[in-house]
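One structure is given here, and the rest of the page talks about it.
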Protein chains: 4
Amino acid sequence: MVKSTSANLSPRKMPRQARSQATLEAIFQATIQVLLSEGRQRLTTIRVAERAGTSVGTLYQYYPNKQALLFAVVRRHVTEVGEQVRRAAESVHGKPLADIVSAVVSAFVRAKIDRIDEARALFSVAGELDSRVLVVESEERGLAMLTAVLRTATDAKFDDLPTAVYIFMAAMIGSTTYMIEGGAPPSILRAWGGQLESLCLGYLERAARSIHNDSR
Amino acid sequence: MVKSTSANLSPRKMPRQARSQATLEAIFQATIQVLLSEGRQRLTTIRVAERAGTSVGTLYQYYPNKQALLFAVVRRHVTEVGEQVRRAAESVHGKPLADIVSAVVSAFVRAKIDRIDEARALFSVAGELDSRVLVVESEERGLAMLTAVLRTATDAKFDDLPTAVYIFMAAMIGSTTYMIEGGAPPSILRAWGGQLESLCLGYLERAARSIHNDSR
Amino acid sequence: MVKSTSANLSPRKMPRQARSQATLEAIFQATIQVLLSEGRQRLTTIRVAERAGTSVGTLYQYYPNKQALLFAVVRRHVTEVGEQVRRAAESVHGKPLADIVSAVVSAFVRAKIDRIDEARALFSVAGELDSRVLVVESEERGLAMLTAVLRTATDAKFDDLPTAVYIFMAAMIGSTTYMIEGGAPPSILRAWGGQLESLCLGYLERAARSIHNDSR
Amino acid sequence: MVKSTSANLSPRKMPRQARSQATLEAIFQATIQVLLSEGRQRLTTIRVAERAGTSVGTLYQYYPNKQALLFAVVRRHVTEVGEQVRRAAESVHGKPLADIVSAVVSAFVRAKIDRIDEARALFSVAGELDSRVLVVESEERGLAMLTAVLRTATDAKFDDLPTAVYIFMAAMIGSTTYMIEGGAPPSILRAWGGQLESLCLGYLERAARSIHNDSR
DNA sequence: CATGAATGAGGTTTCATTCAT
DNA sequence: TATGAATGAAACCTCATTCAT
């Protein structure tokens with residue numbers, strides 16, 4: 001078995017033919033499905049190949065080993081969610097705090113819920129050391145991005161911006177993960193966007209010396 | 001869905017001899033240590049026994065199977081953290097919201113940080129279905145407890161208490177998990193109690209029709 | 001009583017490639033050989049695989065577990081012996097008692113002796129509950145078959161046919177098993193067919209009201 | 001584990017104190033009970049000790065190893081059954097064939113049925129090499145004994161006495177084993193003595209030059 | 001003597017990975 | 001390229017036996 005060295009975790013090839021592309025995607029989706037239906041412990045290469053409608057041999061043509069498969073699932077998820085949030089953040093540069101929080105939180109929640117299967121599958125892999133690498137990378141990009149946009153808020157200045165941003169992110173990501181994974185009731189799931197916005201905004205307002213503080 | 005055998009997850013015997021008691025505890029601690037140093041995937045019964053300074057055979061005298069070992073770790077953690085929070089909550093019945101949040105949050109944070117090894121170990125097992133059972137149970141007790149205490153807050157009434165409590169808990173547990181697991185810098189770790197209190201209180205004040213709302 | 005899991009005792013796949021077919025048969029024969037040379041207690045999957053010239057992994061591609069291996073050996077033996085006897089019995093419908101007994105007994109003895117390795121191997125597994133299932137099934141078919149043919153005997157009618165048939169079968173199978181397993185001397189082994197015929201015919205004549213009883 | 005060398009199979013001590021005697025017997029009976037209720041594969045020393053109401057340690061005070069336990073069960077059974085038959089045979093020296101067969105067969109059947117638990121338990125151990133040794137020994141004594149008594153039959157002389165005796169024994173023991181183990185219906189079980197007598201006598205009369213052959 | 005905790009070899013089974021077809 | 005049979009290391013778990021208490 002391949003030990004968790006950081007080598008060899010990237011896909012083997014990016015095939016140009018359409019058929020190969022389809023196979024690759026089928027394997028990718030199958031990985032998620034097996035993770036959801038069987039759990040991390042029962043995720044085997046043969047099961048994935050079967051669910052994808054191919055054979056193990058073919059699977060190994062695209063991914064050098066099993067870790068790479070998990071890596072791919074995690075990477076795609078965090079990349080895409082990150083991308084959605086980045087776009088939202090860019091569109092509210094230089095707006096008031098409430099607008100920024102609203103845009104960022106709702107983009108995040110939408111992205112997660114659109115990919116809820118991926119999110120849950122990812123969770124069962126969260127304990128894995130190798131997946132952590134990707135998540136930490138993405139976390140750093142997220143912190144930088146949020147720091148940048150919050151600095152432009154027209155109506156709030158933060159004494160300790162790094163801390164505020166960290167808590168913001170922890171609240172947004174952590175509590176959403178808790179909810180998705182904990183099997184929250186539909187009523188909560190529906191209200192999630194608004195509640196999370198309230199949670200984050202409530203915190204950030206407390207953390208900011210609001211510019212109009214005195215005029216209240 | 002992941003199959004849940006649910007068979008025989010309770011410890012095999014509670015031995016009376018002092019030697020046995022020590023062995024039992026050594027195995028318990030070894031499980032946590034191996035989980036932390038090697039991760040869930042590399043947690044093997046032999047490795048646990050070795051780290052505990054015994055043999056596999058002995059391990060199996062106390063736990064009927066590997067799942068039971070994990071079960072024991074998770075159960076003890078959630079039980080003890082839950083207990084700390086419960087005590088704190090009882091001591092602030094009928095106090096103002098800020099006091100309640102402060103007491104609950106700081107009890108939770110203290111309990112988690114006192115058991116930070118257990119908490120991290122628990123995380124790498126979070127994906128396992130069997131552990132979920134315990135966590136869900138404990139969640140339900142937590143919700144009931146928080147609902148009860150928040151109802152007694154002298155200065156806040158909630159239109160939608162169930163939702164507010166759920167978000168409160170998700171924020172408290174979820175973001176703490178995120179932080180502990182994400183490897184937060186010491187500066188954050190130190191500030192955690194206060195920040196988390198701010199996060200939760202900010203939210204709950206927004207969610208409450210504050211009694212003195214008008215007099216502001 | 002011995003617990004009967006009764007799960008998954010049928011072979012895993014019937015492969016089409018010639019290589020696989022050969023492997024399957026090699027494993028089958030190896031099971032018998034190991035049973036004979038080492039006994040049931042020392043029949044291990046690794047030993048079987050080694051003797052078959054393959055690896056354990058391969059063994060498990062064909063049989064889902066060890067029980068299934070034993071099951072296969074027993075099933076094939078009782079099926080084939082049963083088949084031989086059935087054919088012999090059909091060929092003597094409507095003949096005199098002596099002819100019927102002669103045909104049935106000699107077919108049985110020949111079938112057993114032709115497969116004497118299987119027969120001995122089977123014996124060391126006889127205590128196993130799962131094998132009993134098959135044997136009992138085959139016993140029932142045997143009783144039905146013998147009942148049918150004895151009813152057509154031209155020169156004998158039985159007051160209590162069910163009992164007579166049962167004793168006939170018990171004598172035929174039981175004493176042959178005893179002999180094969182007890183390590184009878186070659187002289188006995190050679191004479192077995194005739195002696196067993198004598199044993200069974202002696203009994204059945206006593207059990208029948210012989211039609212020509214009076215004219216003797 | 002002790003390999004099946006023929007060493008060390010005898011009980012460790014024959015205790016004189018009554019309490020020890022009782023313990024020894026309890027272990028003996030427990031072995032049979034476990035064999036019947038769990039099967040050979042699940043016969044473990046701990047299970048036997050528990051069922052006997054003692055501890056493994058104590059068990060090992062009386063038997064040097066597990067094989068010795070099985071050995072003891074088998075030995076006692078074959079010894080006692082053999083003894084019953086021997087007494088019956090002695091009582092019919094110099095009597096007619098029918099009397100001899102009747103005495104021997106009914107003694108055998110009675111002895112077996114009186115110890116039917118032992119008989120069944122013994123069966124699940126039959127495949128074991130070590131038990132075979134005892135059975136073969138006892139078989140030899142049996143053959144000698146039956147040869148001796150049949151030679152005194154007043155009304156029958158055998159051309160090939162060794163063969164006749166062997167078949168007699170195989171029929172008696174083999175078919176009884178088949179019946180007991182096959183789970184014969186009660187009707188058969190009740191009729192067994194008479195039927196078996198008929199079986200054996202039918203054969204032996206055919207095998208003998210009956211002295212009064214001419215006078216028929 | 002009795003107990004039962006401890007040991008660890010050995011058995012069963014799974015699964016990532018390779019490679020001949 | 002695709003397939004899936006083969007491999008064997010490694011995981012889980014059991015149990016005969018010993019020995020300190």
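What you see is a predicted model; the values in this text were computed from it and never measured. Reckoned from all heavy atoms, side chains included, excluding hydrogens, waters and symmetry mates. To find a chain, count down the sequence lines: A is the first, B the second, and so on, and within it residues start at 1.
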In whole Å, what is the span from the [atom1] atom of [X] to the [atom2] atom of [N]?
{"X": "Ile46(C)", "N": "dG10(E)", "atom1": "CD1", "atom2": "P", "value": "11 Å"}
{"X": "Arg47(D)", "N": "dG4(E)", "atom1": "CZ", "atom2": "C1'", "value": "17 Å"}
{"X": "Tyr63(A)", "N": "dT1(F)", "atom1": "OH", "atom2": "P", "value": "16 Å"}
{"X": "Leu24(B)", "N": "dG4(E)", "atom1": "CG", "atom2": "P", "value": "17 Å"}
{"X": "Glu38(A)", "N": "dC15(E)", "atom1": "CD", "atom2": "C1'", "value": "14 Å"}
{"X": "Glu50(D)", "N": "dT14(F)", "atom1": "CD", "atom2": "P", "value": "14 Å"}
{"X": "Leu43(A)", "N": "dT14(E)", "atom1": "CG", "atom2": "C1'", "value": "14 Å"}

Selection from [options] that lies nearest to any side-chain heavy atom of [X]:
{"X": "Asn65(B)", "options": "dT7(F), dC13(F), dT18(E)", "answer": "dC13(F)"}
{"X": "Thr54(D)", "options": "dA2(E), dT3(E), dT18(E)", "answer": "dT3(E)"}
{"X": "Gln61(C)", "options": "dA5(F), dT13(E), dA5(E)", "answer": "dA5(F)"}
{"X": "Lys66(A)", "options": "dC13(F), dC15(E), dA16(E)", "answer": "dA16(E)"}

Problem - side chain to side chain contact (heavy atoms under 4.5 Å, CB included), paired with Val48(D), selected from Leu59(D), Leu35(D), Ile32(D) - result: Leu59(D)
Fill in the blank from the handout: Sorted by chain and number, sequence neighbours left out, salt bridge (charged side-chain N to carboxylate O under 4.0 Å, His left out) with Glu118(C) holds for none
Exercise for the section: Identify, with sequence neighbours excluded, every residue that meets salt bridge (charged side-chain N to carboxylate O under 4.0 Å, His left out) alongside Glu38(B). Expected result: Arg42(B)
Handout entry: Qualifying residues under side chain to side chain donor-acceptor pair (under 3.5 Å), relative to Ser124(C), sequence neighbours excluded
Key = none
Phosphate OP1/OP2 of [N]: any [X] side-chain N/O under 4.0 Å:
{"X": "Thr45(A)", "N": "dA16(E)", "answer": "yes"}
{"X": "Thr23(C)", "N": "dA6(F)", "answer": "yes"}
{"X": "Ser55(A)", "N": "dA2(F)", "answer": "no"}
{"X": "Tyr60(D)", "N": "dT3(E)", "answer": "no"}
{"X": "Arg42(A)", "N": "dC15(E)", "answer": "no"}

Handout entry: Lys/Arg N to Asp/Glu carboxylate O, Glu128(C) vs Arg40(D), below 4.0 Å
Key = no
Exercise for the section: Just grab all the salt bridge (Lys or Arg N to Asp or Glu O under 4.0 Å) pairs involving residues 56-74 of chain A, residues at least two apart or on different chains. Expected result: none
Problem - Residue pairs fulfilling salt bridge (Lys or Arg N to Asp or Glu O under 4.0 Å) with at least one residue in residues 44-54 of chain B, sequence neighbours excluded - result: none
Practice task
With DNA chain F as reference, determine whether Leu59(C) or Arg40(B) sits nearer its 5' end, using the nearest nucleotide of each.
Solution key: Leu59(C)
Exercise for the section: Using the closest heavy atom to pick a nucleotide of DNA chain E for each, name whichever of Gln41(C) or Thr58(C) lands nearer the 5' end. Expected result: Gln41(C)
Exercise for the section: With pairs defined as Watson-Crick or G-U wobble and both distances under 3.5 angstrom, please note down DNA chain F as a dot-bracket string, | for pairing with another strand. Expected result: .||||||||||||||||||||
Handout entry: Sugar-phosphate only, base, or nothing, as touched by Thr44(C) at under 4.0 Å among non-hydrogen atoms
Key = sugar-phosphate
Practice task
Scan side-chain atoms only and decide if Thr58(B) and Ser55(B) contain a donor-acceptor pair under the 3.5 Å cut-off.
Solution key: yes
